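Order of the sequence lines sets the chain letters (A, B, ...), proteins ahead of strands, with each chain counted from 1. Remember, it's a predicted structure, so these values are computed and weren't measured experimentally.
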There are 2 protein chains.
Amino acid sequence: MVHPFLRKLRHGARLTKDNEDILGRLVQSTRLVGAREDVVPFGGAPRYLPLVVDGWACRYITLENGRRQIVSLFLPGDLCEPFGVLPRFMDHAIAALTPVVIAQIRPEAIRAAANASPRIDEALWWDLLVTSAIDREHLVSLGRRTATERLGHLFCELHLRLTMIGLVDEDEPSYDMPVTQADLGDLLGLSMVHINRSLQELRRSGMISLRDRRLSIRDLDGLRELSFFDDGYLHPFGALSLLNSSDVSDVGRTSR
Amino acid sequence: MVHPFLRKLRHGARLTKDNEDILGRLVQSTRLVGAREDVVPFGGAPRYLPLVVDGWACRYITLENGRRQIVSLFLPGDLCEPFGVLPRFMDHAIAALTPVVIAQIRPEAIRAAANASPRIDEALWWDLLVTSAIDREHLVSLGRRTATERLGHLFCELHLRLTMIGLVDEDEPSYDMPVTQADLGDLLGLSMVHINRSLQELRRSGMISLRDRRLSIRDLDGLRELSFFDDGYLHPFGALSLLNSSDVSDVGRTSR
DNA sequence: CGGGCTATTGACGCTTGTCAAGAGCGGTGG
DNA sequence: CCACCGCTCTTGACAAGCGTCAATAGCCCG
């Protein structure tokens with residue numbers, strides 16, 4: 001049972017056994033948070049960096065009129081704030097979407113780990129870059145994709161992110177999607193009703209099936225095309241060039 | 001004439017003269033990019049971190065069907081990528097919205113600067129946090145704000161960001177807004193036509209005036225209320241608590 | 001058996017997009 | 001000097017996407 005944090009960071013740098021020991025020690029102190037509870041409330045000054053060990057969480061912002069927007073989705077292995085610093089004031093909140101196990105990391109410790117090894121440093125910066133890229137694609141979805149495109153794009157992204165941490169059943173790819181349609185609405189900037197209708201459209205067209213919080217992708221290529229999904233932003237094979245980690249052969253990618 | 005990069009970072013940490021010298025040396029190598037040209041193209045592996053010295057730039061992503069979304073807006077003093085690393089593959093592009101002067105920074109140099117002084121380190125991480133927060137609010141706009149709210153929020157944000165670098169005329173606050181309505185559409189996830197109509201609505205209601213690429217804010221409080229603008233996310237008085245930079249008295253803020 | 005949460009469906013209306021045309025303006029070349 | 005071009009802004013008419021309101025059904029759990 002490899003820790004999801006390690007599973008993910010392995011995609012960002014070639015970690016040695018030693019590196020993984022150091023990283024593993026960072027995530028030992030954990031606590032449980034119930035579904036729909038805040039992991040870190042709005043406005044506070046957190047004392048630890050939260051990292052999701054198990055379950056799904058999110059970052060959200062609530063407007064004064066009650067409208068809520070989920071800004072980021074956190075899966076197992078995801079660090080909820082940039083490593084290395086603690087915000088002095090939370091301009092957003094972190095909440096559990098399902099019951100979650102949260103590891104609490106001290107920023108001094110994670111910085112020390114980065115300083116201890118260039119590969120850890122590389123992995124952590126890679127993670128920061130990928131996290132930013134995910135948020136950017138999310139923003140593009142809200143700005144320029146239709147409802148079904150947003151859903152399709154999300155499902156493709158989750159397929160990749162969950163694959164990275166070994167949570168996808170690969171023949172007829174399927175994975176658990178333990179969130180309500182209301183949550184999906186808040187995530188994708190749509191109403192719950194419209195999410196429901198768009199999901200049905202995706203089902204009718206044979207792209208997906210979704211029952212009992214389990215998503216099966218029936219036509220991955222179709223879904224990718226429909227939603228303009230290009231996996232380049234997830235940098236599946238490393239993204240940094242500060243270090244010369246040589247062995248990065250070229251990866252076939254859309255070039256425009 | 002203080003460099004806008006310094007003007008901005010002063011809001012993030014108490015920089016000494018020495019600190020500022022170090023930072024000033026980072027931004028000495030510059031080049032010019034014409035309006036509408038790419039500063040860094042999609043797909044490339046940049047060799048420098050771009051920083052805007054003068055003019056306005058943006059980060060954008062184009063979908064395969066031609067729709068464009070501007071993801072971030074860069075003003076003078078803005079670093080266009082997280083400090084400390086170079087992406088090995090650009091999943092987006094950086095473009096000039098007006099003619100811009102770009103400083104080219106080597107990531108090793110900026111990391112060395114961060115290591116040379118805790119205050120520089122603090123300022124750079126503060127900048128990273130503020131930049132992320134701006135992107136998050138942008139995402140909230142696209143997801144949960146109407147057209148006029150998005151415009152109002154943008155104008156409030158620009159008012160603050162431009163104030164930080166001394167580009168706002170403060171009696172009847174006004175500033176230059178050198179972008180086309182089409183650009184605003186791509187930034188706010190709307191059509192150019194709808195931007196035009198929404199701008200007129202803001203004019204008619206006496207919130208703003210906008211002529212010859214100059215924006216005047218007639219009713220700042222009204223604009224803030226209308227667009228659910230809360231300046232907390234810009235962390236105007238420092239945002240980190242890694243270092244004990246003591247003298248941060250409490251700042252009055254909306255508490256939820 | 002009843003309450004609460006989630007998913008579903010229908011009817012209706014508003015926000016926003018699309019298409020198209022025209023006006024204003026600065027630059028350029030004959 | 002004027003005609004022409006290209007860019008931006010503006011306006012109108014219409015259509016489409018999505019939100020809101022409301023009602024119902026299914027399910028789990030007490």
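Using a 4.0 Å cut-off between a side-chain N of Lys or Arg and a carboxylate O of Asp or Glu, B:Asp135 and A:Arg136 do not qualify as a salt bridge. In this structure, B:Glu201 does not pair ionically with B:Arg197, as no charged nitrogen and carboxylate oxygen lie closer than 4.0 Å. A salt bridge links A:Arg145 with A:Glu137: the closest approach of a Lys/Arg side-chain nitrogen to an acidic carboxylate oxygen falls below 4.0 angstrom. Electrostatic pairing of B:Arg224 and B:Asp230 does not count as a salt bridge here, judged by no charged N lying under 4.0 Å from a carboxylate O.
Between B:Arg214 atom CZ and D:dT8 atom P there is a gap of 21 Å when expressed in whole angstrom units. Atom CG in B:Leu184 sits roughly 12 Å away from atom P in D:dT8 (whole-Å rounding). As a whole-Å value, the separation of B:Gln181 CD from D:dT8 C1' is 8 Å. In this structure, B:Leu190 atom CG and C:dT18 atom C1' are separated by 14 Å, rounded to whole Å. Atom CE in B:Met177 sits about 13 Å away from atom C1' in D:dC9, given to the nearest Å. At whole-Å resolution of the value, CZ in A:Arg211 and P in C:dT8 are 12 Å apart. In this structure, CZ of A:Arg67 is placed 13 Å from C1' of D:dT20, rounded to the nearest angstrom.
The shortest distance between the side-chain N/O atoms of B:Arg213 and the OP1/OP2 oxygens of D:dC9 is below 4.0 Å. Close to D:dG17, at under 4.0 Å from its OP1 or OP2, lies no side-chain N or O of A:Arg145.
At a cut-off of 3.5 Å, with distance as the only test, a side-chain donor of A:Glu81 or A:His92 sits close to an acceptor on the other residue. A:Tyr60 and A:Asp183 form no side-chain donor-acceptor contact under 3.5 Å, judged by distance and modelled atom types alone. A side-chain donor-acceptor contact under 3.5 Å links A:Ser174 and A:Arg214.
Side-chain atoms of A:Arg67 come within 3.5 Å of backbone atoms of B:Arg144 as a donor-acceptor pair (strictly under, hydrogens ignored).
Within a 6.0 Å sphere centred on CD of A:Glu225, other residues, nucleotides and ligands contribute 12 heavy atoms or fewer.
Minimum atom distance to the side chain of A:Thr180 is reached by C:dT6, of the listed C:dT18, D:dG19, C:dT6.
At the heavy-atom level, A:Arg150 lies nowhere under 4.0 Å from the strands shown. Residue contacts shown for A:Gly185 are absent, as no nucleic acid heavy atom lies under 4.0 Å away. Residue contacts shown for B:Arg203 are limited to sugar-phosphate atoms, with no base heavy atom under 4.0 Å away. Nucleic acid contact for B:Arg144: none, since no nucleic acid atom lies under 4.0 Å from a heavy atom of the residue.
Between A:Phe89 and A:Phe42, the ring planes lie perpendicular to each other; the angle is over 60°, past the 30° to 60° tilted range.
Of the residues near DNA chain D, A:Ala147 and B:Arg36, the one whose nearest nucleotide (by heavy atom distance) lies more toward the 5' end is B:Arg36.
Residues of residues 192-202 of chain B having a heavy atom closer than 4.0 Å to DNA chain C, listed by number: B:Val193, B:His194, B:Arg197.
In the helix from C:dC1-D:dG30 to C:dG30-D:dC1, the terminal helix axes, each the rotation mapping four pairs' C1' atoms onto the next four within five end pairs, subtend 30°, rounded to 10°.
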